[in-house]
There are 2 protein chains.
Amino acid sequence: MLLSKDEIIKAEVLQEAGKLFRHFGLNKTTMEDIARAVGKGKSTLYYYYKSKEEIFDAVMKHEKDAIFKRIQDAVALQPTATAKMEAYVRVKFNEISKISVLYQAVVREVQNCNEIERNIRKGFDSVETDIVKSILQYGLVTGEFSRLKQSELDLLAFTLVSSQRGVEIAAILGNRLGELEAQIDWYMEVLFNGIKNL
Amino acid sequence: MLLSKDEIIKAEVLQEAGKLFRHFGLNKTTMEDIARAVGKGKSTLYYYYKSKEEIFDAVMKHEKDAIFKRIQDAVALQPTATAKMEAYVRVKFNEISKISVLYQAVVREVQNCNEIERNIRKGFDSVETDIVKSILQYGLVTGEFSRLKQSELDLLAFTLVSSQRGVEIAAILGNRLGELEAQIDWYMEVLFNGIKNL
DNA sequence: ATTTAGAACAAAATGGCTATTTGTTCAAAA
DNA sequence: TTTTGAACAAATAGCCATTTTGTTCTAAAT
């Protein structure tokens, strides 16, 4: 047989736990809930997984693997690096978007946490978006950005600011400020010339 | 006089509160601490600010305004839109980096909160970075990305992934999934061709 | 009239206690 | 090898008393 009995039950636990996490999030899902869903005693779960966290991690890993399998497949179909990159970006955003809706209970748990962060970020976002917008506007007037339309400025500006925020946050919260400077050089290179000119 | 007495004291409160927030963060700084630092009774603070949150917001706004004044100045010096954009990005990352060190107590408070988020993110980051790296590697081999060096792949890949994460997170946590698709189109446009070709 | 602060109040945090729930371990049974 | 009930530990929830903290108010000082 392809899967040992052991692996079948592990997978069943994963599947049922996944359903529960999607409905109720990590905190409100108990080991008893999972055990009941699988139809076993809760101590049995520990025969298959070391802890609740390990189950959650395994569920996430399972989703992640599925997502990145789909991404890899899409990437593999494309002949050039740029085409691969496009496939990667498009499929990935799409997958992430779907999974964030699926696990919205978990998203809520994350959202509820950081009041402080969200307030600070909101303030910065709006000012930065204004600045970027004004720069784009300027380039539109001077003719530097000739293909850009007035109506597109807002979304483009917000997208650029968000992408920068991602780089910042990764550096700050990941304690990688040391690498930030080199990262900015790369960010700039791509921002200006695009990866086609790498 | 330029500043009314009222405004002078408001500014003094701001300054002292800022020091305390930098040292102890938002939660561990009390109104009494601030009042003592200013040399007034704590009830007096309420003559100048509606609440503790308003003080914190004002401190953040003050920092934010200073930062974006410096950014605006740097941007104004540049003649072209692309040069302005470069000035914006460089100065902003630099300022954000500095302020995140200055207010590290607040950063800690934010960090301590989201265990779940950080674990999930870490898993995704590493897989995504691997994929992007392999794509870049491919482009390097085929000669599409001729100027790219082997040793640069890691940091560039991580930077690209982080920038995408920023766009995702803004959409997910900001409940703006509806706009995400259009944002991705913009992200792709810039990623491939750079803003110079906008 | 403006500014201050003490006293008072309300809300939130703290600590100690118990009870409950939940996560984990283990020995024994199936 | 797999399962479970019982037992244990750790976290949570409730409750009260206490303290701290945030906020309001009124009266005094300027």
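We name chains A, B, ... by the order of the sequence lines, and we start the count at 1 in each one.
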Under-3.5 Å N/O pairs linking protein and nucleotides 1-3 of chain D:
from  : atom 1 : to      : atom 2 : distance (Å)
D:dT2 : OP2    : A:Tyr47 : OH     : 2.9
D:dT3 : OP1    : A:Lys40 : NZ     : 2.8
D:dT3 : OP2    : A:Tyr48 : OH     : 2.1

Below 3.5 Å between N/O atoms, which protein atoms pair up with nucleotides 8-15 of chain C? Just atom names and distances, please.
none

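Between the C1' atom of C:dT4 and the CD1 atom of B:Ile8 lies a distance of 17 Å, rounded to the nearest Å. Per the geometry, CZ belonging to B:Phe24 stands 13 Å off P belonging to D:dT21, to the nearest Å. Here C:dT21 presents its C1' atom at 11 Å from NZ of A:Lys52, a figure rounded to the nearest Å. Rounded to whole angstrom, the span from the CD atom of A:Glu54 across to the C1' atom of C:dG23 amounts to 14 Å. Here the P atom of nucleotide D:dT4 and the CZ atom of A:Arg36 are 14 Å apart, to the nearest Å. One atom, OH of B:Tyr46, and another, C1' of D:dT24, lie 9 Å apart when rounded to the nearest Å. For A:Leu45 and C:dT22, the CG to P distance is 14 Å, given to the nearest whole Å.
Sparse packing is recorded around CZ of A:Arg108, with 12 or fewer heavy atoms of other residues, nucleotides or ligands lying under 6.0 Å away. Open room surrounds NZ on B:Lys61; 12 or fewer heavy atoms of other groups in view lie less than 6.0 Å from it.
B:Asp33 contributes a side-chain N or O that, together with a main-chain N or O of B:Thr30, makes up a donor-acceptor pair within less than 3.5 Å.
Of the N and O atoms on the side chains of A:Thr80 and B:Tyr138, not one donor lies less than 3.5 Å from an acceptor on the other residue. Side chains of B:Ser97 and B:Asn94: no donor on one and acceptor on the other come within 3.5 Å. For the residue pair A:Tyr88 / A:Gln78, no side-chain donor-acceptor distance below 3.5 Å is found, with atom types taken as modelled.
Applying the side-chain contact (heavy atoms from CB on, under 4.5 Å) test between A:Val13 and each of A:Ile8, A:Thr44, A:Val38 identifies A:Val38 as the sole match.
The minimum heavy-atom distance between B:Tyr48 and B:Glu54, with the atom names listed, is O-OE2, 4.4 Å.
Helix-axis bend for the helix from C:dA1-D:dT30 to C:dA30-D:dT1: the local axis fitted to the five terminal pairs at one end deviates from that at the other end by 40°, rounded to 10°.
A:Tyr187 does not carry B:Arg90 over the face of its six-membered ring by the limits of under 6.0 Å from the centre and within 45° of the normal.
Within residues 26-34 of chain B, the residues having any heavy atom under 4.0 Å from DNA chain D are, by residue number, B:Thr29, B:Thr30, B:Met31.
Listed by chain and residue number, nothing satisfies the ring pair (Phe, Tyr, Trp, His ring centres under 6.0 Å) test with A:Tyr49 (two or more places apart in sequence, or in another chain). Partners of B:Phe192 by ring pair (Phe, Tyr, Trp, His ring centres under 6.0 Å), not counting sequence neighbours: none found.
The base of C:dG6 lies close enough to the side chain of B:Ser43 for a donor and an acceptor atom to sit less than 3.5 Å apart.
One hydrophobic cluster, built from ILVMFWY side chains closer than 4.5 Å, holds both B:Ile131 and A:Phe93.
Between A:Phe21 and A:Phe56, the ring center distance clears the sub-6.0 Å criterion.
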